[in-house]
*Asks:* 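I have a structure here, written as structure tokens, and I will follow up with some questions on it.
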Amino acid sequence: MAKTLSDKLVALCAKRGVIFPSAEIYGGVAGFYDYGPVGVTLKNRIREFWRSEFIIKMENIYEIESAIILPRIVWEASGHVESFTDVLVECKKCHTRFRADHLIQDTLEIVTDGKTIEELAEIIETNNIRCPNCKGELTSASKFNLMFKTFIGATEKSENEAYLRPETAQAIFLDFRRIQQAMRASLPFGIAQIGRSYRNEISPRNFLFRLREFEHMEIEFFVHPAQKDAVPEDLWEKVKDLEVSILSIPLQEKEAPAERYKATDLFKQGIFSCKWLLYWTLISYDWLVRVGIDPTRMRIRQHMLNERAHYAADCWDIEFKYSFGWKELQGIADRTDYDLKRHAKYSGKNLNIHLTDENVKIVPHVIEPSSGLERIIQALLESTYIEEPERALFKFNPYIAPFQIAVFPLLRRDNLISIARNICDILRGENFLILYDEKGSIGRRYRRVDEIGVPFAITIDHQTLEDNTVTIRARDSMQQERYAIQELIDFFKTHLKFT
Ligand code: GAP
């Protein structure tokens, strides 16, 4: 059977030590992946690009790093203990557990987003869906909470119960007051957090798409409830000319395809609940395109009323057409004042802001762009992977590529090696990410670095000994040009900078 794109990516990533199953020598654990040197660097590059655009370059976004394990009360307040569930069914014969909506989607090829437990149970019964492994009968549907539970301290008493966070967002609400006061922040402002989240998914699958441990990059952006359309001109300027594919609730109700919209029309027609939600959706979309994700495979879909999270007044997903279908890449939600009010109620602490100008106390509303690094990596791998007759390669943007420059002495001769190592030192001194390799044929070395998307390779050859020039080979065109060694820093500064 022909290999799917997903199978090829899994195999290539394992072969090159980019990303591979955790505890692999024991057979691996579903939903957990380890990153090798190339994967770590790729992940770092994407994370730093996010940090650069959404924190460093923005005046009023403050980054925190919070605890991962938090006591049960936090998750009761947030609603996760009650509502962060999926519906599962179990085979009575082989005892395999399935996520009911996935089982239905796979068997009947229908959409099940937003269906209640009763509706899912009815579909399973009416269609007599059975265990796909052994054809056994299924149990009735039940709710399964996706949070990993643990206990803090030496005794497993209920008052010591705690959970690994399923999102980084909640700690932002817990720290809201302290950060707002410490940074003397006034509305609107955001608090960002990047870090691991944990979800005990019933059926992790599709490589990096649905994991049990993944990395969130989230911003909770606090706005005045009466000023949810007050996006400053300089920020709106950055997104106002974007054109995007939109799948609104009315279009989904008609089962119509996505339609192209200009940013300004989206605002004028009031398709989003507020302008801040629209701004964060568009700026997130633009960032994803700049990372290198194929815009022709992206659309922005509004959540139907029955699929909205318990906290959201409006919610949109930036979806990507993965090799296994259109799926959520990033979510952007209007969380209103739900979280701050719930934590204020459960903690008994004041989580409002005193606006001295108006002399009123208000609880801010929250717009939340929330993305998962692994889904971005998977969409990027799928967007940039190319197969040519003689090679496979990733066409990563030079400023995202895990390694930027490969350095190869043509032959393993001392005089070529010492120049090559000297060039590595010079370029590393400029913070370029260098991969040095002196083993094997030059053709194979080029193929190997193409497979991990290195945009440029320098080769030191006999002519270098005569005139101090080297060749620079461009990954995409495979063209080689000669440059003097003293021109290298300028060349790479021009070709590898963020755009
Ligand atoms: N704080 C809101 C929140 O967590 P979400 O839609 O559940 O919302 C946001 O998750 C993003 O996190 C998703 O768009 C996706 O990129 C990523 N994500 C969620 N669950 C994931 C999983 N099981 N594996 C990998 N990434 C996941």
Side-chain angles (χ1 to χ4, degrees), residues 19 22 29-33 35 43 46-47 50 66 68 70 74-75 78-80 83-86 99 101-102 113-114 144-148 163-174 190-221 277 280-281 284-285 287-288 291 293 298-303 307-320 322 324 326-336 338-339 342 366-382:
I19 303 162
S22 301
V29 199
F32 294 90
Y33 279 90
Y35 290 78
K43 200 172 178 189
I46 299 172
R47 191 195 296 111
W50 192 87
S66 75
I68 287 171
L70 291 166
V74 169
W75 306 109
S78 68
H80 283 82
S83 309
F84 197 61
T85 52
D86 276 335
R99 215 177 116 167
D101 56 347
H102 286 174
D113 292 346
F144 175 76
N145 194 295
L146 298 185
M147 285 193 295
F148 282 98
Y163 293 89
L164 274 71
R165 65 180 179 207
E167 60 174 15
T168 60
Q170 287 309 315
I172 294 180
F173 299 121
L174 307 184
I191 303 180
Q193 174 151 226
I194 303 174
R196 302 263 175 139
S197 289
Y198 298 82
R199 298 183 181 185
N200 198 3
E201 298 283 353
I202 298 166
S203 47
R205 57 183 177 171
N206 290 329
F207 194 29
L208 302 178
F209 181 79
R210 193 172 302 287
L211 298 171
R212 289 176 165 142
E213 176 174 340
F214 61 96
E215 195 163 323
H216 253 137
M217 303 192 291
E218 302 194 284
I219 298 172
E220 305 307 311
F221 193 75
L277 182 66
W280 277 108
T281 306
S284 303
Y285 170 90
W287 180 86
L288 290 165
V291 168
I293 294 174
M298 275 199 272
R299 68 181 184 194
I300 303 175
R301 186 181 72 81
Q302 188 172 25
H303 279 204
E307 74 178 295
R308 262 184 208 161
H310 56 276
Y311 49 72
D314 189 13
C315 191
W316 292 76
D317 286 344
I318 300 177
E319 292 189 329
F320 179 72
Y322 289 94
F324 41 87
W326 284 104
K327 299 277 176 201
E328 174 184 351
L329 170 58
Q330 153 156 20
I332 309 96
D334 177 349
R335 289 181 84 126
T336 66
Y338 177 87
D339 303 89
R342 290 276 292 197
V366 173
I367 306 299
E368 178 197 64
S370 169
S371 55
L373 241 169
E374 284 77 4
R375 285 197 191 173
I376 295 170
I377 293 175
Q378 176 132 352
L380 182 64
L381 295 179
E382 291 204 12

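Atoms within a ligand are numbered from 1 in the order they appear, just like the ligands themselves. These numbers come from a predicted model, not from an experiment.
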*Asks:* Mind checking side chain to side chain contact (heavy atoms under 4.5 Å, CB included) for D86 and listing every partner two or more places apart, or none if nothing turns up?
*Replies:*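 Result, side chain to side chain contact (heavy atoms under 4.5 Å, CB included) vs D86: R99, L146, E201, I202.
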
*Asks:* Using the six-membered ring of Y198, assess whether NZ or CZ of R212 lies under 6.0 Å from its centre and within 45 degrees of the ring axis.
*Replies:*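 No, cation not above the ring by the 6.0 Å, 45° rule.
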
*Asks:* Could you walk me through whether R165 and Q170 pass the side-chain contact (heavy atoms from CB on, under 4.5 Å) check?
*Replies:* CA-CA 8 Å; R165 65 180 179 207; Q170 287 309 315; over 6 Å; no

*Asks:* Would you tabulate the side-chain donor-acceptor contacts of residues 328-335 under 3.5 Å, counting partners in other chains and residues two or more places apart, or write 'none'?
*Replies:*
{"residue": "Q330", "atom": "NE2", "partner": "S284", "partner atom": "OG", "Å": "3.4"}
{"residue": "D334", "atom": "OD1", "partner": "K228", "partner atom": "NZ", "Å": "3.1"}
{"residue": "D334", "atom": "OD1", "partner": "T336", "partner atom": "N", "Å": "3.1"}
{"residue": "D334", "atom": "OD2", "partner": "K228", "partner atom": "NZ", "Å": "2.9"}
{"residue": "D334", "atom": "OD2", "partner": "S273", "partner atom": "OG", "Å": "3.0"}
{"residue": "R335", "atom": "NE", "partner": "D339", "partner atom": "OD1", "Å": "2.9"}
{"residue": "R335", "atom": "NH1", "partner": "E368", "partner atom": "OE1", "Å": "3.2"}
{"residue": "R335", "atom": "NH1", "partner": "E368", "partner atom": "OE2", "Å": "2.7"}
{"residue": "R335", "atom": "NH2", "partner": "E167", "partner atom": "OE2", "Å": "3.4"}
{"residue": "R335", "atom": "NH2", "partner": "D339", "partner atom": "OD2", "Å": "3.0"}

*Asks:* Would you mind writing out a table of all protein N or O atoms found under 3.5 Å from any N or O atom of ligand 1, naming both atoms and giving the distance to 0.1 Å?
*Replies:*
{"residue": "ligand 1", "atom": "1 (N)", "partner": "E167", "partner atom": "OE1", "Å": "2.6"}
{"residue": "ligand 1", "atom": "1 (N)", "partner": "E218", "partner atom": "OE2", "Å": "2.4"}
{"residue": "ligand 1", "atom": "1 (N)", "partner": "E368", "partner atom": "OE1", "Å": "3.4"}
{"residue": "ligand 1", "atom": "1 (N)", "partner": "E368", "partner atom": "OE2", "Å": "2.9"}
{"residue": "ligand 1", "atom": "4 (O)", "partner": "R199", "partner atom": "NH2", "Å": "2.9"}
{"residue": "ligand 1", "atom": "4 (O)", "partner": "H216", "partner atom": "NE2", "Å": "3.2"}
{"residue": "ligand 1", "atom": "6 (O)", "partner": "E328", "partner atom": "OE2", "Å": "2.9"}
{"residue": "ligand 1", "atom": "7 (O)", "partner": "R199", "partner atom": "NH1", "Å": "2.8"}
{"residue": "ligand 1", "atom": "7 (O)", "partner": "R199", "partner atom": "NH2", "Å": "3.0"}
{"residue": "ligand 1", "atom": "12 (O)", "partner": "H216", "partner atom": "NE2", "Å": "3.2"}
{"residue": "ligand 1", "atom": "14 (O)", "partner": "E328", "partner atom": "OE2", "Å": "2.5"}
{"residue": "ligand 1", "atom": "14 (O)", "partner": "L329", "partner atom": "O", "Å": "3.4"}
{"residue": "ligand 1", "atom": "16 (O)", "partner": "L329", "partner atom": "O", "Å": "2.8"}
{"residue": "ligand 1", "atom": "16 (O)", "partner": "G372", "partner atom": "N", "Å": "2.9"}
{"residue": "ligand 1", "atom": "20 (N)", "partner": "R199", "partner atom": "NH1", "Å": "3.2"}
{"residue": "ligand 1", "atom": "23 (N)", "partner": "E201", "partner atom": "OE2", "Å": "2.9"}
{"residue": "ligand 1", "atom": "23 (N)", "partner": "L211", "partner atom": "N", "Å": "3.4"}
{"residue": "ligand 1", "atom": "23 (N)", "partner": "L211", "partner atom": "O", "Å": "2.9"}
{"residue": "ligand 1", "atom": "24 (N)", "partner": "F209", "partner atom": "O", "Å": "3.3"}
{"residue": "ligand 1", "atom": "24 (N)", "partner": "L211", "partner atom": "N", "Å": "2.9"}

*Asks:* For S83, which residues count as a side chain to side chain contact (heavy atoms under 4.5 Å, CB included) partner, sequence neighbours excluded?
*Replies:*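 Expected list: H310.
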
*Asks:* Can you see whether W326 has R299 sitting over its ring - NZ or CZ less than 6.0 Å from the centre and within 45° of the normal?
*Replies:*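 The answer is yes, since R299 meets both limits relative to W326.
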
